[in-house]
Amino acid sequence: MPYDHKKIEKKWQKEWAKNNFAEWHAEDFGAKQKKYVLDMFPYPSGEGLHVGHLVGYVGSDIASRYFRMNGFNVLHPMGWDAFGLPAENYAIKNKIHPRIAVEKNIKNFKKQLNSVGFSYDWSREINTTDPDYYKWTQWIFLQLFKSGLAYEADLPVNWCVSCKTVLANEEVKDGACDRCGSAVLQKNMRQWALKITAYADRLLEDLDGLDWPEPIKEMQRNWIGKSEGAEIEFKINPPVGGVIKVFTTRPDTLFGATYVVLAPENPLIQNLESRIQNLEEVEKYITQSKKKTQLQRQKEEKEKTGVELKGIKAINPANGEEIPVWVADYVLMSYGTGAIMAVPKHDERDREFAEKFKLPIVDMPLVNKDEIVKKVGGKKQTQYRLRDWIFSRQRYWGEPIPIIKCPKCGNVAVPENDLPVKLPEVKNYKPTGTGESPLAAVSEWVNVNCPQCGGKAKRETNTMPQWAGSCWYYLAYVTKARNSKFEIRDSDFKRRARFWLPVDLYIGGVEHAVLHLLYARFWHKFLYDIGVAHTKEPFQKLLNQGLVLGPDGQKMSKSRGNVISPNETIEKFGADALRMYEMFMSPFGDQKPWDPKSIVGLRRFLDRVWKFGQHFADIDSRVARALNQTIKKVGEDIEEFHFNTAISALMILLNEMEKRITHPLASLELRRSGPTPSQREGENGEGDFVIFLKLLAPFAPHLTEEIWSKLGNKSAQGRPASGWKSIHLESWPEYDPKLVEEEAFQLIVQINGKVRDKFEAPVNISQSEAERLTLAREKVKLALENRKPRKVVWVPKRLINLVV
RNA sequence: GGGCAGGUGGCGGAACCGGAAUACGCGUACGGCUUAGAACCGUAUCCCGAAAGGGUUGUGGGUUCAAAUCCCACCCUGCCCACCA
């Protein structure tokens, strides 16, 4: 009989919640060694969780349970990243207030998570939209502001026409909005930005000490994009005042520079206006290129365009030659100095441009970098590709930026005692599209007195981006012990943080490689600098779970209709089967399609475990070896997140145990299904089976708990007295190293590298003995045809190879 | 164009510190059980061949007693970045 997963899983979820074991909670300042196991928390979207979201959560749950069984004090919390566009767009579409939508969605998410049987410490649950929470998001912003790291300026920004807000560079993908895929326009707007570039070097260097997947580190390195070079000045002829500064990583090619190119946005062009003979043409070109979106620029397949500034020449400082000056949009204002020296002999882009516009391409001797820089009066310089983080959004559903704009005093910080600046209720929270946030319309909220001079002033009406709340949430869990409020300034917090930080194991998707993970590292480093955090990095070890594709091999999405919800799967196969299938289907980090058929294999396995537990099982002692090997294998595999092979090992062990059943009746009953009352306590077999159950427990927590309690390990009834004994509070089984080693092995006999025979031999067989036995074998004699081996290769415990 | 990861049965994958390629699971076939089906149990299942035997880890080459594993060249797929000077 298959087990009744609906009944069993509900029952234990209720018991676990009701009993709320202290052992499942993280214990601040506990004596056991701490382990902080963290999931990237979800956006509670309206669609609910799909099976792909669960892969990471299942993995971290297995790890957490395993660490608890190994005697660690595990902090494994969960919360909600509920501000931002997904929540707001959902609310707009369904015509409910985002606050209400988020509440509803969180309820649904929590229900879904609980139905999978996760062992989260819900006493530390957080929600980034909770004013008690975002009070501290705002507080950190104010510290950044006071340190000069948050500033407002006219900046070139990305504007999403559909989301009607500016975006950070990190949120633009292939020239389109990462969120909605719409075109992104380049605009100049007055915006708040965070000076992440001030941390570029530290963000780069400290990657080395992190136990992160190498590709993620590489992505961050590329994003930061450090390059060393020099800034070199080119004098202008006629001398109109000012010089053209260029940045180059190859000053050694300076002799080959045959023209100079300015970015269309380069302000120098305005200074030169009076001398430009073809001003009209130049201005037309500039206007045109400004109109292009990034997407358009890319679609034009990098076909070079540009216009010469006639009447203007630059002087190559290496050889004093006069060279032409051009304006072209292949040079970007936002990188370097917004001007380049073009070396068409050496640089492919310059060559393409030179060929198109018939500019000279000359050979040059390469010279010593440092010497030439010195000689022409240039200076060494380091450039980063990383830009400051555009931090304001013209949207309603975010943390208000806690700044008051006073006509007299300028931008004034909201006094700390006035935090949080609560997001006001509004009737219309739709984005305006004018560049103003919907908050600007709430006059009773906007109009305030300046905290500095007392005069009339207005609140900043932009809100923070979605990433703000997730920049410090791992600290919030630490702060929020047992439902207390957040406070990250006092010594109590600092003691807790010192106890728990850094996060020992952080699990989430690759998609955050240069978004959340870079932003959070930046904030953490700032918090370190102001003495809030004591570690240089927040997340010591990072693992990425692989993406789950739909059954059609495509990315799961509502529009494709290939989204698999955990709800139906749990209904049909149970949470334990779902958990195991997700871990078994591929290596943890691999992308994988969902195969609706394969999950039955895991369910079959669990049914066989159930049957085994229903009937007593006298297992013969030869299983001991397999058992010890499995204890070793499963433990090692869990530590390395090789869950697929851990499960395979458990399957092999169960197969083995079924083969070794000595009681004929039990054997029969296991093979058929049928009622049997028999259960003996104290059998050898039961001991072995119980060990197997413990190994399986982190993967299939419900089923193992049920069998465990049925085996006489006191069920939950009658709790809270001392009756409770959950399998999840048991110790992880230990293996006997002697029993892991095999006594015998299949000795492979090769002749010229080809397998010709094999026979069983004791592990400690000597080479001479193995040779003697090998040469005596019929098959070998036949294959040798009287030839004598000219060489014998002997690999202990594996093979013997006769070379003739 | 640059960087990174990866190509193994009908499918997901295992082995990858060089040592039996295809563990484990899905699927499929046949048999059992069953009034029948489902479920379950058993057996088989990389390819060619009746067998002996031979072949097989994207392709081609190399190193080695021995290569899925190491080296070189090429092809393909996925992800990230992309006119960053």
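Per chain, numbering begins at 1; letters A, B, ... match sequence-line order. All values below come from the heavy atoms of this structure, side chains included, with hydrogens, waters and symmetry mates left out.
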Determine the contact category for A:Ser227: base if any of its heavy atoms lies under 4.0 Å from a base atom, sugar-phosphate if only primed atoms, P, OP1 or OP2 are that close, otherwise nothing. sugar-phosphate
According to the Watson-Crick and G-U wobble definitions, with both distances under 3.5 Å, which nucleotide is paired to B:C24? B:G12
Base-pairing mate for B:C17 - Watson-Crick or G-U, with both contacts under 3.5 Å: none
Mind checking A:Pro593 for me? I need base, sugar-phosphate or nothing, with any heavy atom below 4.0 Å counting as a touch. nothing
May I ask you to decide if the ring planes of A:Tyr3 and A:His5 are parallel, tilted or perpendicular, using 30° and 60° as cut-offs? perpendicular
Take nucleotides 15-26 of chain B nucleotide by nucleotide from the 5' end and write B, S or -, depending on whether a protein heavy atom sits under 4.0 Å from the base, only from the sugar-phosphate, or from neither. S---BB--BBSS
Of the nucleotides B:A85, B:G3, B:G54, which one has an atom closest to the side chain of A:Val331? B:A85
In whole Å, what separates the C1' atom of B:A73 from that of B:U22? 28 Å
On a whole-Å scale, what distance lies between the C1' atoms belonging to B:C26 and B:G19? 30 Å
For A:Glu760, I'd like to know if atom CD has over 12 heavy atoms of other residues, nucleotides or ligands within 6.0 Å. yes
How far, in whole Å, is B:C24 from B:A14 if one measures between their C1' atoms? 7 Å
Whether A:Lys572 and A:Glu568 form a salt bridge (side-chain N of Lys/Arg under 4.0 Å from carboxylate O of Asp/Glu) is what I want to check. no
May I have the distance from A:Glu658 (atom CD) to B:G42 (atom C1'), rounded to whole angstrom? 13 Å
Measuring to OP1 and OP2 of B:A82, would you say a side-chain N or O of A:Arg385 lies under 4.0 angstrom away? yes
Length of the NZ-P vector between A:Lys572 and B:A39, whole Å: 11 Å
Between A:Thr305 and A:Tyr285, a side-chain donor and acceptor under 3.5 Å: yes
Check every strand shown and say whether A:Arg756 touches a base, only sugar-phosphate, or nothing at a heavy-atom separation below 4.0 Å. sugar-phosphate
Re B:C79: Watson-Crick or G-U wobble partner, both distances kept under 3.5 Å, found to be B:G3
Checking contacts here: which listed nucleotide (B:C83, B:G12, B:A5) is nearest the side-chain heavy atoms of A:Pro215? B:A5
The Watson-Crick or G-U wobble partner of B:G42, with both key distances under 3.5 Å, is B:C30
Let me spell it out: for each of A:Phe247 and A:Glu170, pick the nucleotide of RNA chain B with the closest heavy atom. Which residue's pick is nearer the 5' end? A:Glu170
Taking the six-membered ring for Trp, are A:Tyr519 and A:Trp467 parallel (under 30°), tilted (30 to 60°) or perpendicular (over 60°)? tilted
Mark yes or no for a side-chain to base donor-acceptor pair under 3.5 Å between A:Lys173 and B:C80, with no hydrogen or angle criteria applied. no
Given that both distances must come in under 3.5 Å, which nucleotide forms a Watson-Crick or G-U wobble pair with B:C74? B:G58
May I ask you to check whether A:Glu170 and A:Trp223 show a side-chain donor-acceptor distance below 3.5 Å? yes
Evaluate the ring planes of A:Phe353 and A:Tyr330, with Trp represented by its six-membered ring, and classify them as parallel (under 30°), tilted (30 to 60°) or perpendicular (over 60°). tilted
What is the distance, to the nearest angstrom, from the CZ atom on A:Arg603 to the C1' atom on B:G27? 20 Å
Measuring to OP1 and OP2 of B:G55, would you say a side-chain N or O of A:Lys754 lies under 4.0 angstrom away? yes
Does B:G9 sit syn or anti, given that only angles within 90° of 0 count as syn? syn
Roughly how far apart, to the nearest Å, are B:A39 and B:A50 at atom C1'? 39 Å
Show me the donor-acceptor pairs within less than 3.5 Å that the side chains of residues 574-582 of chain A make with the rest of the protein, sequence neighbours left out.
{"residue": "A:Asp576", "atom": "OD1", "partner": "A:His702", "partner atom": "N", "Å": "3.4"}
{"residue": "A:Asp576", "atom": "OD1", "partner": "A:His702", "partner atom": "ND1", "Å": "2.8"}
{"residue": "A:Asp576", "atom": "OD2", "partner": "A:His702", "partner atom": "N", "Å": "3.4"}
{"residue": "A:Asp576", "atom": "OD2", "partner": "A:Leu703", "partner atom": "N", "Å": "2.7"}
{"residue": "A:Arg579", "atom": "NE", "partner": "A:Phe699", "partner atom": "O", "Å": "2.9"}
{"residue": "A:Arg579", "atom": "NH1", "partner": "A:Asp61", "partner atom": "OD2", "Å": "3.0"}
{"residue": "A:Arg579", "atom": "NH1", "partner": "A:Val116", "partner atom": "O", "Å": "3.2"}
{"residue": "A:Arg579", "atom": "NH1", "partner": "A:Gly117", "partner atom": "O", "Å": "3.1"}
{"residue": "A:Arg579", "atom": "NH2", "partner": "A:Asp61", "partner atom": "OD2", "Å": "2.7"}
{"residue": "A:Arg579", "atom": "NH2", "partner": "A:Pro698", "partner atom": "O", "Å": "2.9"}
{"residue": "A:Tyr581", "atom": "OH", "partner": "A:Asp595", "partner atom": "N", "Å": "3.1"}
{"residue": "A:Tyr581", "atom": "OH", "partner": "A:Asp595", "partner atom": "O", "Å": "3.3"}
{"residue": "A:Glu582", "atom": "OE1", "partner": "A:Val55", "partner atom": "N", "Å": "3.2"}

What class does the angle between the rings of A:Phe692 and A:Phe605 fall in, given that below 30° is parallel, 30 to 60° is tilted and above 60° is perpendicular? perpendicular
Can you tell me the Watson-Crick or wobble partner of B:U35, both distances under 3.5 angstrom? none
State which of B:G3, B:G13, B:C83 makes the closest approach to the side chain of A:Pro587. B:G13
What is the distance, rounded to the nearest whole Å, between atom CD of A:Glu511 and atom P of B:C81? 12 Å
Atom CG of A:Asp174 and atom C1' of B:C79: how far apart are they, to the nearest Å? 12 Å
If you find the nucleotide of RNA chain B closest to A:Lys791 and the one closest to A:Met585, which residue's nucleotide is nearer the 5' end? A:Met585
Nearest-Å distance, NE2 (A:His512) to P (B:C79)? 17 Å
Whole-Å gap separating P (B:A14) and CZ (A:Phe588): 14 Å
Measure CD/A:Gln381 against C1'/B:A85 and give the value in whole Å, please. 13 Å
Work out how far the P atom of B:U69 is from that of B:A20, and round it to whole angstrom. 14 Å
